[in-house]
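Remarks on the structure that follows.
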Amino acid sequence: MDRIEALIGDSRPPGSRENLHIAVNGERLDILLSAESGRNLRGLSPTWLLLAGSGPETDGLRACIAERSRLDRGGQLLPILAEQDDANSLGTTVVADVRPVGGEVHWQRFGLDFAETPAELDENVQWLDSPGPFHFDRREYLDCLEAFTHCQPPAARPALKPGQKWPFFYRLFAIFGGLVCNVGSGALNLPALAYRQTQNELTESPAPPE
């Protein structure tokens with residue numbers, strides 16, 4: 001069984017929502033596909049990042065990604081990585097042939113699609129010789145999708161008192177970004193937790209003598 005997870009990368013500024021990547025068997029998907037297919041696909045972004053966004057300018061593309069990510073619709077071609085030229089277009093896109101099979105989700109093969117809009121997807125897919133297929137546990141697959149669906153930008157930074165430094169917990173949060181991590185059946189909201197912890201420390205810390 002292959003592994004799939006949401007991986008925090010280092011190619012974007014700390015705390016950026018776009019710093020999240022799809023990892024398969026511990027390796028970023030764009031890097032894995034580049035190495036296995038001989039195509040330069042490094043730097044393509046997971047389309048699942050759009051699911052946590054908002055704004056009418058991305059409604060069409062976000063709706064397309066959400067619809068094709070649903071496993072109850074059977075096999076679909078899912079745009080999984082894309083080079084977005086603007087808010088509602090795709091550019092170079094990697095599509096995955098997704099097939100739910102019982103308690104598993106299979107990515108049978110990958111292809112390149114150069115559609116500019118969601119309506120033009122699937123018209124001319126160039127299938128890659130490798131890698132694949134990948135077989136994922138259905139629950140693990142949905143957990144990965146959920147991490148992208150609920151990832152958040154960093155919380156607003158509270159004001160410092162004169163002479164104070166940022167508490168360790170907040171500095172740690174700034175490094176790893178605003179990510180909602182699922183733990184068991186619940187969820188740990190790091191942005192909210194970091195913000196509350198920081199406010200408590202700032203409130204309890206006495207101001208330096210004048």
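It should be emphasised that the depicted structure is a prediction, and the values quoted were computed from it without experimental measurement. These numbers come from the heavy atoms of this one structure, side chains and all, not from hydrogens, waters or symmetry mates.
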- Message: Set out, in order, the CA-CA distance, both residues' side-chain angles and the distance that settles side chain to side chain contact (heavy atoms under 4.5 Å, CB included) for Phe134 and Tyr141, then state yes or no.
- Response: CA-CA 11 Å; Phe134 293 113; Tyr141 184 88; over 6 Å; no
- Task: List the steps and the verdict of side chain to side chain contact (heavy atoms under 4.5 Å, CB included) for Arg68 and Arg73.
- Result: CA-CA 8 Å; Arg68 294 185 181 220; Arg73 297 299 179 91; over 6 Å; no
One pair to check against side chain to side chain contact (heavy atoms under 4.5 Å, CB included): Gln108 and Arg99. What are the steps and the verdict?
CA-CA 7 Å; Gln108 291 296 112; Arg99 303 185 190 181; 3.5 Å; yes
Let me see the working for Phe114 and Asn124 under side chain to side chain contact (heavy atoms under 4.5 Å, CB included), right down to the final yes or no. CA-CA 8 Å; Phe114 299 95; Asn124 186 22; over 6 Å; no
Practice problem: May I have the step-by-step check of salt bridge (Lys or Arg N to Asp or Glu O under 4.0 Å) for Glu5 and Arg3, ending in yes or no? | Solution: CA-CA 7 Å; Glu5 59 188 329; Arg3 293 180 294 110; 3.6 Å; yes
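A single hydrophobic cluster is not seen to contain both Val95 and Ile31; linkage of ILVMFWY side chains at heavy-atom distances under 4.5 Å, directly or through other members, places them apart.
Panel note: side chain Asn25, backbone Asp2; no donor-acceptor pair is recorded below 3.5 Å. A side-chain donor-acceptor contact under 3.5 Å links Glu140 to the backbone of Ile4. Arg42 places no side-chain N or O within donor-acceptor distance of the main-chain N or O of Asp30, the cut-off being under 3.5 Å. Without hydrogens or angle criteria, Asp113 side chain to Asp122 main chain gives a donor-acceptor distance under 3.5 Å. For the pair Gln76 (side chain) and Glu67 (backbone), a donor-acceptor distance under 3.5 Å is present. Listed for the Thr47 side chain is no donor-acceptor partner under 3.5 Å among the backbone atoms of Leu81.
The side-chain heavy atoms of His135 and Pro133, taken from C-beta on, include a pair separated by under 4.5 Å. The side-chain heavy atoms of Leu7 and Ile22, taken from C-beta on, include no pair separated by under 4.5 Å. In this structure, the side chains of Phe110 and Asp97 stay at 4.5 Å or more apart for every pair of heavy atoms. Within the 4.5 Å cutoff, the side chain of Val94 has no heavy atoms near those of the Pro79 side chain. Residues Leu29 and Pro46 are not in side-chain contact: their nearest non-hydrogen atoms beyond the backbone lie 4.5 Å or more apart. With contacts defined as side-chain heavy-atom distances shorter than 4.5 Å, the pair Glu36/Leu32 qualifies. Counting heavy atoms from C-beta outward, Leu121 and Leu77 have side chains that stay 4.5 Å or more apart.
The structure places OG of Ser69 at 6.5 Å from CD1 of Ile80, a figure rounded to the nearest 0.5 Å. Ser34 contributes atom OG, which lies 7.0 Å from atom CG of Leu44 (distance to the nearest 0.5 angstrom). To the nearest 0.5 Å, atoms CG (Asp129) and CZ (Arg109) are separated by 11.5 Å.
For Arg39, the side-chain contact (heavy atoms from CB on, under 4.5 Å) partners at least two apart in sequence or on another chain are Ser37, Leu41, Leu112, Gln126, Leu128.
Using cut-offs of 30° and 60° on the angle between ring planes, the pair Trp107 and Phe136 is perpendicular.
Nearest approach of Pro100 to Gly75, heavy atoms of both residues: CD-N, 3.9 Å. Heavy-atom minimum distance, Leu71 versus Arg138: CB-NH2, 3.6 Å.
Dense packing is recorded around CZ of Arg139, with more than 12 heavy atoms of other residues, nucleotides or ligands lying under 6.0 Å away.
Residues Thr149 and Trp48 have side chains that never bring a donor and an acceptor to within less than 3.5 angstrom of each other.
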